[in-house]
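See below for the structure under consideration.
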2 protein chains.
Amino acid sequence: MWSLKTIPLFLYSNYYVINSEFISPLQQGSILHLSKAITLVESTLMSHRSEAIALLKEIMPNTGKSIRIGISGVPGAGKSTFIDTFGKLLADCKYKIAILAIDPSSTIHKGSIMGDKTRMEQISNLENVYIRPSPTGAQLGGVQRATRESILLCEAAGFDIIIVETVGVGQNETTVKQLTDVFLLIGISGAGDELQGVKRGIMEIADIIAINKNDGDNMNSVMKTSEQIKSALHHFPISENGWIPRVVSCSALENKNIDDVWNIIQEYISHQKLNNSFEKKRNDQNRHWFEDGWKQLLVDQFFSSNKNKITSFLQSVLEGNMTLVEGIERVLNLNK
Amino acid sequence: MWSLKTIPLFLYSNYYVINSEFISPLQQGSILHLSKAITLVESTLMSHRSEAIALLKEIMPNTGKSIRIGISGVPGAGKSTFIDTFGKLLADCKYKIAILAIDPSSTIHKGSIMGDKTRMEQISNLENVYIRPSPTGAQLGGVQRATRESILLCEAAGFDIIIVETVGVGQNETTVKQLTDVFLLIGISGAGDELQGVKRGIMEIADIIAINKNDGDNMNSVMKTSEQIKSALHHFPISENGWIPRVVSCSALENKNIDDVWNIIQEYISHQKLNNSFEKKRNDQNRHWFEDGWKQLLVDQFFSSNKNKITSFLQSVLEGNMTLVEGIERVLNLNK
């Protein structure tokens, strides 16, 4: 491990020098090198992208061995508290846990909602837990790519369990589903809006639904909500891999039934491995990542080489001197 | 207008021959030519794409003059009935109305939910109403592009009002918002889930919220819901163009207050034109379409030229003979 005294100078600079001297401590689990590497894959600068690809190429053989867990839920469902208690349980079992947040800036409200380390008091200072807030200001596509690459980096650094956390607003869940092996939805009970956070779109993709805040005056309400969701799930088609989504109530605050959630996650992983759907899912994800990956890079490289011309065509379109379709055609002609 | 007897043979064939003989009847409002042109822009075949661009280039000067209205709402809110009654009102005012549906196949359930002409009995046989179901089996990006091009084609064919209908599932609304001048959300009242369909994400982008089914035993409940939504809207930031979203109750079934909705739409258009935000919004949309347009075409052209190699790299990745990152790098090297 690097101590503060021995950090090489380049780690402080804006330049990344990815070489075997960098990769070796990363693979030995240096948090400093991991963080630096994640910052690199988050960058959208073309020169950083080339370095990121070189780095990823090196570490790829050491990836894929973790359990990747997606966690989502409406704001207020207690995701941070859940992850705090859940993470503590896993850390006590001697697992190394990385927690990554996905939180693309909303199209309307800019800025990050999550990634607040201070809300995870039990785990934020543990040596075998790594918490990484979401990249800010980025778009969903960029965040998705950065997150999938960050998962690989965490795996290369020896993390056993990767948690990808997102706020429940509809489209993020599909992204997280494409990045993980298990999708866990944190639900809550409430006055009249029991199904709000578990609306059809999200329920359909949840493998496990944990109704949180099963404590104090809230317990009757949680029981009722659990029953409602269980009965709603009956109307959904069984998923391709034969798993019937499980509903469990828990209290992250009182550390109640959190071990149940972990047991169900392990049961689901076994279920998938036994019927070969685990590998199939990862293959489907790889296919998606492959296609998404080359398309994004192709566009980024093209834009980077033709930035001035593309910008001036756009200007002409906006000023009404060129039709939209002609502008697009002119951009494509740059490729000829 | 073409009668069935005079339809040129090429309209029956799989080949598109877009020339001045095609464009002239399209611009005179021939539904047959319009439908054929929309089928062309819906196609993802590269040869069709080139023809589509040539066609769009020709008609662009005749576009942009319609009012583009986005309509969304949860399944069961009565969107089809609303559009039926609303469309009839507009048709009686001698407007030409085109209704386009956006319904990208859900990631889980394939197939189209909407575009059912038979559910719009009042308008489906009117001469000045054109109903076009959603392209099936396509992805959101493709549907979005096809729809924006279809809007332009409808405008070139002389339609005054374009309605873009989508089912309310979160991400579709953002798409429709980017395609239209006014975003109308059809809400309903119900037992305990009043806010389900108008959850924060969608409410934030609605310009007008019409609570439908204000009829029979339902009227008290609709009034209550309207009040709840009005009071919820107070907590939202005022939109950039200074418009405060309007809530109105109506009954499409009993043709009650549908004219109110139309009045508010016109008021909102005037509001935008008076403070120049109408032009600004269309400019922002053009910027989005421009960027989206060249990126999609670049990727499509590249894939079309390198299909076999890209497919074989993917195969190697899936079979574990090549890492994902190396596969992506190999694809990009094809461009050098």
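Every chain is numbered from 1 and lettered A, B, ... according to where its sequence line falls, protein lines coming before strand lines.
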### Message
Between A/Thr323, A/Leu324, A/Ile53, who has the most heavy-atom pairs with chain B when the cutoff is under 4.5 Å?
### Response
A/Leu324
### Message
Is B/Asn283 in contact with chain A via its backbone, its side chain, both, or neither, using a 4.5 Å heavy-atom distance?
### Response
both
### Message
Heavy atom to heavy atom, less than 4.5 Å: which residues from residues 290-300 of chain A reach chain B?
### Response
A/Phe290, A/Glu291, A/Gly293, A/Trp294, A/Lys295, A/Leu297, A/Leu298, A/Val299
### Message
Looking only at heavy atoms and a cut-off of under 4.5 Å, which of B/Arg282, B/Glu329, B/Glu326 has the most pairs with chain A?
### Response
B/Glu329
### Query
Minimum heavy-atom separation for A/Lys57 to B/Val325, with atom names?
N-CG1, 3.9 Å
### Message
Please check if the number of heavy atoms outside B/Glu279 that lie under 6.0 Å from its CD is greater than 12.
### Response
no
### Query
If you measure from CG on A/Leu318 to NZ on B/Lys280, what distance do you get to the nearest 0.5 Å?
11.0 Å
### Task
Could you look at B/Gln301 and say if it's the side chain, the backbone, both or neither that has a heavy atom under 4.5 Å from chain A?
side chain
### Message
I'd like to know whether CD1 of A/Ile244 has more than 12 heavy-atom contacts from other residues, nucleotides or ligands below 6.0 angstrom.
### Response
no
### Query
So which of A/Leu152, A/Leu314, A/Leu56 has the largest heavy-atom pair count under 4.5 angstrom toward chain B?
A/Leu314
